[in-house]
Amino acid sequence: MAYRFDFTSLWDYAPVLVHGVATTVGLTVAGTVLGVGIGIAGAAARNSASRPLRLAVGAYVELIRNTPFLVQLFFIFFGLPSLGIRMPEWAAAVLAMVVNLGAYSTEIIRAGIDATPKGQVEAGASLGMTGPQIFRYIILGPAMGKIWPALSSQIVIVMLGSSVCSQIAAEELSFAANFIQSRNFRPFEVYFAATALYLALAVLTRWILARLGDRLFLKGAARA
Amino acid sequence: MLEFSFWDILSNLLLAARWTVLLSVIAFVAGGLAGLLVLMARVAPVPPLQRLAKLYIELFQGTPLLMQLFIVFFALPLVGIETSPWTAAALALTLFTSAYLAEIWRGCVEAVPKGQWEASASLAMGFSEQMRWVVLPQALRIAVPPTVGFSVQVVKGTAVTSIIGFVEITKAGTMITNATFQPFLVYGLVGLLYFALCYPLSLSAKALERKLNVAR
Amino acid sequence: MSLVKLSGIRKSFGSVEVLKGVDMTVREGEVVAMIGRSGSGKSTLLRSVNGLERIDAGVIEVDGECVDPGQIDLRALRLKVGMVFQQFNLFPHLSAGENVMLALKVVKRMGKADTRAAAEQALARVGLGHKFDAYPSQLSGGQQQRVAIARSLAMQPKVLLCDEITSALDPELVNEVLSVVRKLAEEGMTLILVTHEMRFAREVCDQLVFMHGGRIIEQGPPVALFDRPSTPELAQFVGMVEAR
Amino acid sequence: MSLVKLSGIRKSFGSVEVLKGVDMTVREGEVVAMIGRSGSGKSTLLRSVNGLERIDAGVIEVDGECVDPGQIDLRALRLKVGMVFQQFNLFPHLSAGENVMLALKVVKRMGKADTRAAAEQALARVGLGHKFDAYPSQLSGGQQQRVAIARSLAMQPKVLLCDEITSALDPELVNEVLSVVRKLAEEGMTLILVTHEMRFAREVCDQLVFMHGGRIIEQGPPVALFDRPSTPELAQFVGMVEAR
Amino acid sequence: NGGLMATAHADALERITKDKVLRVAVPQDFPPFGSVGTDMKPVGYDIDTAALLAKEMGAKVELVPVTSANRVPYLTTGKVDLIISSLGKNAEREKVIDFSVAYAPFFNGVFGPDSVKAETVADLDGKTVGVTRGSVEDIELSKLVSDKVNVRRYEDNNGTISAFLSGQVELVATGNVVAAAIMERKPPRLPNLKFLVKNSPCFIGLGKDEGPLLEKVNAILTKAKTDGSLAAIAEKWLHAPLPKDL
Ligand SMILES: Nc1ncnc2c1ncn2[C@@H]1O[C@H](COP(=O)(O)OP(=O)(O)OP(=O)(O)O)[C@@H](O)[C@H]1O
Ligand SMILES: Nc1ncnc2c1ncn2[C@@H]1O[C@H](COP(=O)(O)OP(=O)(O)OP(=O)(O)O)[C@@H](O)[C@H]1O
Ligand SMILES: [Mg+2]
Ligand SMILES: [Mg+2]
């Protein structure tokens with residue numbers, strides 16, 4: 001073969017890759033925590049009594065789900081400054097991920113909530129609990145348990161999607177790969193290594209989320 | 001110096017949208033065909049094939065489309081396989097699409113009751129005959145809504161091909177931004193264009209799903 | 001002294017009027033059984049009493065707390081009225097003890113120790129003191145229904161509503177629930193029950209209410225009503241039930 | 001002349017041995033009923049005979065076609081053995097006629113006209129000649145089961161296996177299916193039936209096979225077996241069934 | 001397969017003469033070297049240079065728009081014959097590709113609005129500077145600045161310039177002529193020169209071991225320098241004569 005593979009040249013750049021992995025993990029964790037938070041709030045809002053609120057959240061969900069993440073990212077990072085809203089690239093990356101995951105998880109969590117038996121809500125109401133209390137203590141837990149696998153897949157998709165944040169100079173894993181490639185001109189080795197790292201991250205993320213789901217939501221329900 | 005009017009911006013984006021559409025169609029068709037093959041391997045009663053298909057799905061669902069693109073575009077040529085932005089974009093999107101579609105369709109195949117497999121087996125049908133005549137026709141019906149729904153992901157996925165220089169809507173957007181200094185307007189328009197492409201697909205996926213639920 | 005007073009309760013679903021002006025009074029400590037054909041409005045009436053159905057007209061008064069169709073906040077009413085459902089409706093992600101404690105904690109805002117003590121006491125009252133940490137999925141139907149009763153009791157309601165609480169149970173489990181209800185009746189709890197267990201109604205109730213077509217058309221002591229129904233509808237209903 | 005010959009059939013699911021060495025012979029034209037308690041292995045045995053379950057040991061021989069555990073291609077066996085299921089398992093996206101024609105077309109590769117003629121004839125044989133174009137969802141359970149029988153018959157199997165084919169039917173529909181089976185028996189079809197219809201078994205079968213714990217522990221003419229069971233297990237089973 | 005590639009590489013000139021097509025990697029986000037017009041076609045100094053070379057070789061030019069970060073892989077993976085993309089020379093690049101003689105002047109500098117004060121490299125401490133990943137500016141700036149400087153590296157010049165214009169970075173490191181070209185378009189934030197970093201003229205990049213092609217390209221460039229055709233391109237796009245020492 002004409003091309004000689006040389007993975008050793010990657011060693012010099014190991015710290016760059018490590019930094020990239022750490023940033024990707026950081027972005028994902030922040031994006032997930034806040035994004036799922038938005039999802040829960042969004043799902044609650046879609047079930048609320050206020051029609052304008054329901055419509056607004058519905059529009060947000062549809063708008064985000066029907067436009068590419070990359071464009072959302074560009075809009076936030078390059079477009080928003082025209083309105084005087086300026087933020088560092090990591091913040092823009094996190095914001096884009098939160099906004100994106102928020103829309104998807106709103107939809108996913110809402111499906112879980114719709115699957116809650118009406119009797120559960122009535123039992124809560126008859127004990128004198130308020131709407132928000134019923135949502136918080138009765139509906140949410142079992143609903144999250146039901147949709148956790150779907151939500152986990154979405155989180156992995158968002159983690160992988162964060163690779164395009166390199167485009168606004170957020171120094172995550174694919175930024176690291178591009179950076180190294182622009183210095184050692186060994187694209188095959190670099191992208192191969194980065195892809196393997198992403199795969200490992202995806203497997204790890206899935207594993208952690210599955211454990212977390214068992215921990216948080218497996219109470220009672222799974223013992224049925 | 002040259003001046004972009006609003007109409008120049010919009011018309012250039014619309015012209016670029018042709019490539020987005022074309023690339024989506026190619027990715028969807030080729031990805032669908034490849035996905036069908038992966039699906040066959042995934043459900044065939046041949047364990048090594050199943051494992052291979054599973055690995056394929058894991059691999060392409062577990063790595064970013066962007067990295068797949070980079071590898072296809074910059075790495076494959078090093079081992080002697082030439083790729084233009086066109087072929088790279090089409091190939092990477094096909095791999096990506098086929099992995100997801102195979103997995104979506106597997107769910108649909110598994111939703112076909114086991115009795116259908118047994119009845120057709122007892123009529124001496126082989127695996128491919130069972131698939132072709134008994135299982136796929138039934139799986140197809142329930143597969144339509146999620147498949148249409150996934151087409152939205154394909155359209156959006158094409159945006160990433162802008163990064164290897166494929167001039168579709170997003171790339172045209174960055175180029176125009178650079179010539180006009182109006183990122184808010186341009187990326188806003190870019191977003192709206194994608195929305196115009198994707199939202200009808202989303203809506204029809206939902207409508208199809210409702211129809212299917214009623215029919216059940 | 002009347003604890004529950006319903007006057008002129010009306011309720012429609014769409015264009016169908018399900019409750020056509022119901023008046024009813026329940027005194028403190030009284031046990032009332034509601035009977036009637038399927039669709040006669042029993043559940044709807046019961047659900048109205050703790051606000052699960054919004055009434056279109058009339059007034060509900062429980063222990064001095066008045067509710068009319070305009071009312072938005074039904075909390076005060078619900079604190080006075082407990083409800084037990086046919087389908088138990090236990091919270092599946094919480095253990096028996098947590099099911100009982102939840103409302104004490106978030107509605108009554110009781111302290112941790114008090115909550116625990118109250119829940120243990122309530123579970124003991126239904127004979128399930130030892131099942132504090134069991135999840136609903138680990139309990140039989142009869143046990144689940146008893147936890148549901150304990151959950152309501154712990155809130156110390158003035159009156160407890162029970163809507164066919166044994167209908168979803170296997171026959172051999174019915175008695176363990178009925179005996180808990182019997183005990184509550186003996187202890188002086190005010191109870192309004194919808195039931196198809198006629199023998200039980202006859203033995204335990206002070207008053208029987210017969211609903212028909214959205215109205216109460218007969219009421220009085222069970223023995224009198226069963227033995228000498230004054231309307232052909234009740235006569236037919238009694239005959240039907242006894243023929244089973 | 002023996003048409004079906006099973007020798008030393010063994011089958012385990014995980015660590016549980018469900019068939020513990022079964023030998024059985026069925027002559028051409030014979031009608032055999034298999035009876036036995038739930039879980040005794042009747043279905044598993046029947047399913048093994050056309051390769052739906054892979055056996056762990058033993059040999060299945062049907063009309064000269066031998067199958068042992070190593071066999072991969074079961075097509076030849078399945079062409080000789082038809083099967084009718086408790087749940088009918090008609091193909092819902094095909095009409096009755098298409099259900100019958102499918103395997104003729106794709107497995108036997110018969111011509112269009114022949115396929116159609118054979119399917120019409122098979123449907124006529126089960127009394128459903130007029131339902132050629134009806135979809136399964138438009139047919140009653142009894143009709144669906146008769147289409148399933150026709151579907152198997154059209155392939156001209158040497159032997160037809162029926163696993164509790166009336167168990168999923170409403171009582172009033174059972175007879176229409178049984179009378180089709182009776183007719184097949186009279187026409188000389190070789191049949192192996194798993195059934196709980198003891199009266200039917202007694203009337204129609206040449207041989208009765210009693211399975212217990214994964215073994216055949218009694219077999220012989222139905223009258224002899226029913227009236228003079230030689231094992232306590234069969235005696236108990238017969239008693240149990242008749243007490244129903 | 002390896003043999004196939006080897007011949008494809010070694011005889012790029014032969015292939016060009018045979019197919020009569022010269023494939024050139026050019027910028028489309030780097031005025032005045034290459035940018036797009038309202039018809040989205042690249043125009044600029046590099047594009048004109050490519051046309052000039054193609055004409056001299058008797059071939060048709062095929063323009064391939066690239067970014068700073070990926071132009072070298074385009075060449076090393078055989079997607080183009082030449083890089084004419086304001087490419088600066090440095091040791092790292094010389095390991096993987098060859099360079100022609102210089103064909104355009106280029107001064108790297110740091111640019112920014114008047115409101116931001118920066119007269120020397122030291123003044124950059126604590127400031128954010130945008131630069132295009134893998135460009136000469138990136139490599140040179142990375143060598144010069146301390147850890148206190150926040151260098152943001154963008155995938156392409158589009159990103160870098162957008163980041164500067166939208167205020168996401170305070171300063172931008174780029175070519176003097178690039179800054180001038182941006183200023184000409186009257187942007188919202190003006191990239192005034194703060195200081196120059198390096199004189200780094202542009203070279204044409206070629207694949208390794210393409211001796212015949214290199215000779216040909218050098219010959220054409222040398223001729224163009226003397227006969228004034230390159231000077232005309234410089235006048236047209238840089239509004240300045242070609243430096244004598246190029
Ligand atoms: N949410 C609802 N929407 C529309 N109609 C309803 C609703 N709930 C009850 N109904 C109707 O109101 C009528 C009275 O119902 P209700 O459940 O009160 O009867 P019931 O006496 O409790 O009968 P059962 O003994 O079957 O429980 C019925 O005709 C029922 O169909
Ligand atoms: N796929 C399977 N996996 C594990 N165990 C199985 C499987 N199929 C059957 N069994 C077990 O094998 C034993 C025999 O089952 P089989 O269905 O053959 O009994 P049967 O005599 O047909 O009973 P029935 O009258 O209930 O249909 C049972 O204990 C059953 O639980
Ligand atoms: Mg009711
Ligand atoms: Mg069975």
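Protein chains get the first letters and strands the later ones, always in sequence-line order, with residue 1 at the start of each.
- Ranked by heavy-atom pairs under 4.5 Å with chain B, the first of Tyr198(A), Phe192(A), Tyr191(A) is Tyr191(A).
- Only the backbone of Ile64(A) comes within less than 4.5 Å of a heavy atom of chain B; no side-chain atom from C-beta onward does.
- Ranking Val164(A), Leu201(A), Leu160(A), Val190(A) against chain B, the residue ahead of the rest is Leu160(A), based on heavy-atom pairs under 4.5 Å.
- Heavy atoms closer than 4.5 Å to chain A are found in the side chain of Tyr100(B), but not in its backbone.
- Across Phe77(A), Tyr104(A), Phe69(A), the residue that shares the most heavy-atom pairs under 4.5 angstrom with chain B is Tyr104(A).
- Between Thr24(A) and Ser163(A) there is no side-chain heavy-atom pair separated by less than 4.5 Å.
- At a 4.5 Å heavy-atom cutoff, the contact between Ile157(A) and chain B is made by side-chain atoms alone.
- The side-chain heavy atoms of Trp148(A) and Leu209(A), taken from C-beta on, include a pair separated by under 4.5 Å.
- For Ser153(A), no part sits under 4.5 Å from any heavy atom of chain B, backbone or side chain.
- Note: Lys156(B) leads Gln68(B), Gln61(B), Lys156(B) in heavy-atom pairs under 4.5 Å with chain A.
- Here the CG atom belonging to Leu69(B) is positioned 10.0 Å from the CZ atom belonging to Phe96(B), to the nearest 0.5 angstrom.
- Residue Leu173(A) does not touch chain B at all, counting heavy-atom pairs closer than 4.5 Å.
- Side-chain contact of Ser202(B) with Glu62(A): a donor-acceptor pair under 3.5 Å is absent, judged by distance alone.
- Looking only at atom types and distance, the side chain of Tyr56(B) has a donor-acceptor partner in the side chain of Ser98(B) under 3.5 Å away.
- Contacts of Ala196(A) with chain B are absent, with no heavy-atom separation under 4.5 Å from either backbone or side chain.
- Only the side chain of Ser82(A) comes within less than 4.5 Å of a heavy atom of chain B; its backbone N, CA, C and O stay farther away.
- Checking Thr94(B) against Thr97(B) by side-chain atom types alone, no donor-acceptor pair falls below 3.5 Å.
- Listed options Leu76(B), Thr170(B), Leu65(B) were ranked by heavy-atom pairs under 4.5 angstrom with chain A; first place goes to Thr170(B).
- Put simply, of Leu199(A), Asn66(A), Asn178(A), the one with the most heavy-atom pairs under 4.5 Å next to chain B is Asn66(A).
- Using a 4.5 Å cut-off between heavy atoms, Thr158(B) does not touch chain A at all.
- The candidate with the highest count of non-hydrogen atom pairs below 4.5 Å against chain A, out of Pro183(B), Ala159(B), Gly173(B), is Pro183(B).
- Looking only at atom types and distance, the side chain of Gln72(A) has a donor-acceptor partner in the side chain of Thr67(A) under 3.5 Å away.
- Only the side chain of Leu70(A) comes within less than 4.5 Å of a heavy atom of chain B; its backbone N, CA, C and O stay farther away.
- Salt-bridge formation is detected for the pair Arg106(B)/Glu110(B): a Lys NZ or Arg NE/NH1/NH2 atom is positioned less than 4.0 Å from an Asp or Glu carboxylate oxygen.
- Listed options Val152(B), Ile163(B), Ile169(B), Val190(B) were ranked by heavy-atom pairs under 4.5 angstrom with chain A; first place goes to Ile163(B).
- Using a 4.5 Å heavy-atom cutoff, the side chains of Leu33(B) and Phe28(B) are not in contact.
- Separation of the Trp86(B) and Phe166(B) ring centroids falls under the 6.0 Å cut-off.
- Contact of Leu193(B) with chain A is not made at all, since no heavy-atom distance falls under 4.5 Å.
- With a 4.5 Å cut-off on non-hydrogen atoms, Thr174(B) touches chain A through its side chain but not through its backbone.
- Listed for the Asp8(B) side chain is a donor-acceptor partner under 3.5 Å among the backbone atoms of Ser5(B).
- There is a side-chain donor-acceptor pair under 3.5 Å between Ser174(A) and Glu172(A).
- The candidate from Tyr194(B), Phe73(B), Phe184(B) with the greatest count of non-hydrogen atom pairs under 4.5 Å with chain A is Phe184(B).
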